[in-house]
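Along the sequence shown, the residues carry numbers beginning at 1.
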Amino acid sequence: MFDFSQPVDRHGTWCTQWDYVADRFGTDDLLPFTISDMDFPTAPCILEAMQQRLNHGVLGYSRWQQPDFTGAIQYWMSSRFASQVAPQQLVYGPSVIYMVSQLIRQWSREGDEVLIHTPAYDAFYKTVEGNQRQVLSAPLRLSQGEWQCDMAELEQLLARDRCTLMLLCSPHNPTGKVWRRQELEQMAQLCERHGVRVISDEIHMDMTWNGAQHIPWCQVAGRGDWALLSSASKSFNIPALTGAWGIIAGDNAREHYLTALKSRDGLSSPAVLALVAHIAAYREGAPWLDALREYLMENLRWVSDTLNNAFPALNWSVPQATYLAWLDLRPLGLDDAALQERLIGQQKVAIMPGATYGPEGAGFLRLNVGCPRVKLEQGVTRLIAGITSLL
């Protein structure tokens with residue numbers, strides 16, 4: 001029903017991944033597998049809904065606090081994650097990272113420590129440090145093929161006087177870890193015990209593989225202040241429309257957030273096409289998303305089979321979540337800088353170096369598989385050639 005195999009030329013569309021690859025990699029003649037958007041057109045139901053809205057012709061001020069938008073979120077959370085959400089608990093923002101930044105300012109003070117599990121999405125570091133807070137690293141460690149958090153170590157960090165926030169990435173970017181219910185419940189208990197507020201970024205919640213089940217934070221949260229933040233932007237490939245949503249359970253915390261959104265930042269009117277797209281995605285987009293998930297799963301399996309056939313020592317397996325393959329190249333003993341030089345200079349391919357995500361990312365690459373197979377085959381072939389040239 002849906003064909004994800006046909007390449008779409010994104011050049012000349014102000015595309016960050018294709019048109020601005022030189023910003024990160026120094027040259028623009030590269031095949032990119034970088035920023036986490038996909039090379040697929042969004043779901044037809046979204047395009048049709050937006051076209052209908054455009055045909056109306058009037059693009060005046062809008063509101064997100066209306067039942068079509070909040071009801072669509074409620075429906076998605078109920079039908080996909082068995083989570084019941086009260087509409088009055090919902091909030092809106094232009095992006096998940098904007099909402100994270102807003103809550104960091106409201107729920108902590110300059111100089112406070114914000115705990116994140118590392119390696120971490122690079123915007124986490126930038127947002128924490130950009131708000132004059134300190135990153136407190138809780139390293140994830142790979143054990144028997146699964147990324148794990150040392151809960152005893154985590155409690156020691158949460159108990160620090162200056163640790164006031166935990167910024168959780170669930171599922172985790174870049175490792176692709178899906179947190180188990182027991183892990184989430186234990187973290188919720190520890191945060192409540194030590195008075196640490198929680199912001200849970202769940203933007204990758206729809207992209208889980210091999211039976212892994214995403215558990216929303218709202219199912220395990222304690223009595224303290226917490227927020228679950230998400231968006232249809234990753235799952236349905238609509239980040240350029242902007243738009244995100246969240247759940248803030250505490251009445252005072254939610255009102256404080258909404259007041260700042262409207263009164264301080266002047267964001268009382270959302271992008272109307274973002275609302276239209278979210279409503280269509282959550283009400284009608286499940287068949288498209290399920291077909292996409294199958295395609296992405298096959299892409300990840302192909303990467304695993306191809307890399308392990310070329311380099312058996314890797315024994316790399318498909319992650320539990322996300323379309324971002326976190327490739328552990330440490331068994332090959334490569335020099336990261338030398339590999340990037342070969343990939344960029346000789347192979348003309350852009351793949352995110354692991355160090356982008358913190359010191360724990362040394363020896364890794366993050367490969368975006370959200371693309372037609374023909375592009376992925378070209379990229380992995382070039383990656384193999386670049387690695388082989390260093391062995």
Side-chain angles (χ1 to χ4, degrees), residues 13-16 35-37 41-43 45-77 85-107 123 126-127 130-131 199-203 205-206 218 225-285:
T13 62
W14 317 309
C15 168
T16 297
I35 193 170
S36 56
D37 69 1
T42 191
C45 66
I46 293 176
L47 296 174
E48 292 167 7
M50 290 196 298
Q51 188 61 58
Q52 289 181 12
R53 186 65 183 81
L54 288 172
N55 289 343
H56 180 266
V58 181
L59 300 173
Y61 290 118
S62 187
R63 294 287 181 94
W64 66 268
Q65 286 177 305
Q66 34 87 359
D68 288 339
F69 180 66
T70 58
I73 296 169
Q74 289 178 282
Y75 173 76
W76 194 254
M77 291 297 289
V85 178
Q88 64 270 21
Q89 293 182 325
L90 291 170
V91 297
Y92 178 86
S95 71
V96 166
I97 286 298
Y98 165 87
M99 299 171 83
V100 167
S101 182
Q102 181 78 267
L103 290 172
I104 285 175
R105 290 195 296 273
Q106 294 180 15
W107 289 0
K126 295 173 184 176
T127 303
N131 282 295
I199 303 171
S200 184
D201 176 352
E202 304 190 12
I203 200 168
M205 63 185 185
D206 297 311
C218 59
D225 284 335
W226 58 268
L228 182 164
L229 309 178
S230 195
S231 172
S233 61
K234 298 294 184 192
S235 306
F236 291 89
N237 204 34
I238 52 173
L241 291 177
T242 72
W245 56 269
I247 304 169
I248 302 178
D251 292 343
N252 291 336
R254 184 172 60 255
E255 287 306 312
H256 191 191
Y257 169 84
L258 291 173
T259 298
L261 181 80
K262 181 176 181 179
S263 300
R264 188 188 68 190
D265 294 348
L267 294 174
S268 58
S269 181
V272 67
L273 292 184
L275 302 183
V276 169
H278 274 76
I279 293 165
Y282 288 159
R283 287 293 190 182
E284 306 171 48

Atom pair [atom1] ([X]) and [atom2] ([Y]), whose distance is rounded to the nearest 0.5 Å:
X      : Y      : atom1 : atom2 : result
Trp107 : Gln102 : CH2   : CD    : 11.0 Å
Met77  : Cys218 : CE    : SG    : 4.5 Å
Tyr282 : Phe69  : OH    : CZ    : 8.0 Å
Leu90  : Thr70  : CG    : OG1   : 6.5 Å
Leu273 : Leu59  : CG    : CG    : 6.5 Å

task: Give me the ring orientation class for Trp64 and Tyr92: parallel if the planes are under 30° apart, tilted from 30 to 60°, perpendicular past 60°.
output: parallel
Can you tell me if OH on Tyr98 sees more than 12 non-hydrogen neighbours from other groups inside 6.0 Å? yes
Other residues, nucleotides and ligands only: do more than 12 of their heavy atoms fall within 6.0 Å of CG on Asn55? yes
When you measure from the side chain of [X] to the backbone N and O of [Y], does any donor-acceptor pair fall under 3.5 Å?
X      : Y      : value
Ser230 : Glu202 : yes
Thr42  : Phe236 : yes
Arg254 : Ala249 : yes
His278 : Ala274 : yes
Ser101 : Ile97  : no

What's the shortest heavy-atom distance between [X] and [Y], and which atoms?
X      : Y      : value
Gln74  : Val85  : NE2-O, 2.8 Å
Ala271 : Thr242 : CB-OG1, 4.0 Å
Ala253 : Gln106 : O-OE1, 4.3 Å
Ala244 : Ser95  : CB-C, 3.6 Å
Ser231 : Gly243 : OG-O, 2.9 Å
Ser235 : Ile203 : OG-O, 4.4 Å

Flag side-chain contact, heavy atom, 4.5 Å: [X] against [Y]:
X      : Y      : result
Leu258 : Gln65  : yes
Ile248 : Leu103 : yes
Asp37  : Asn237 : yes
Ile73  : Ile247 : no
Leu275 : Arg53  : no

Requested in this report: Quick one: do Trp76 and Trp245 satisfy side-chain contact (heavy atoms from CB on, under 4.5 Å)? Show the steps, please.
Outcome: CA-CA 12 Å; Trp76 194 254; Trp245 56 269; 5.6 Å; no
From the list Leu228, Asp225, Leu229, side-chain contact (heavy atoms from CB on, under 4.5 Å) partner of Ile199 resolves to Leu229
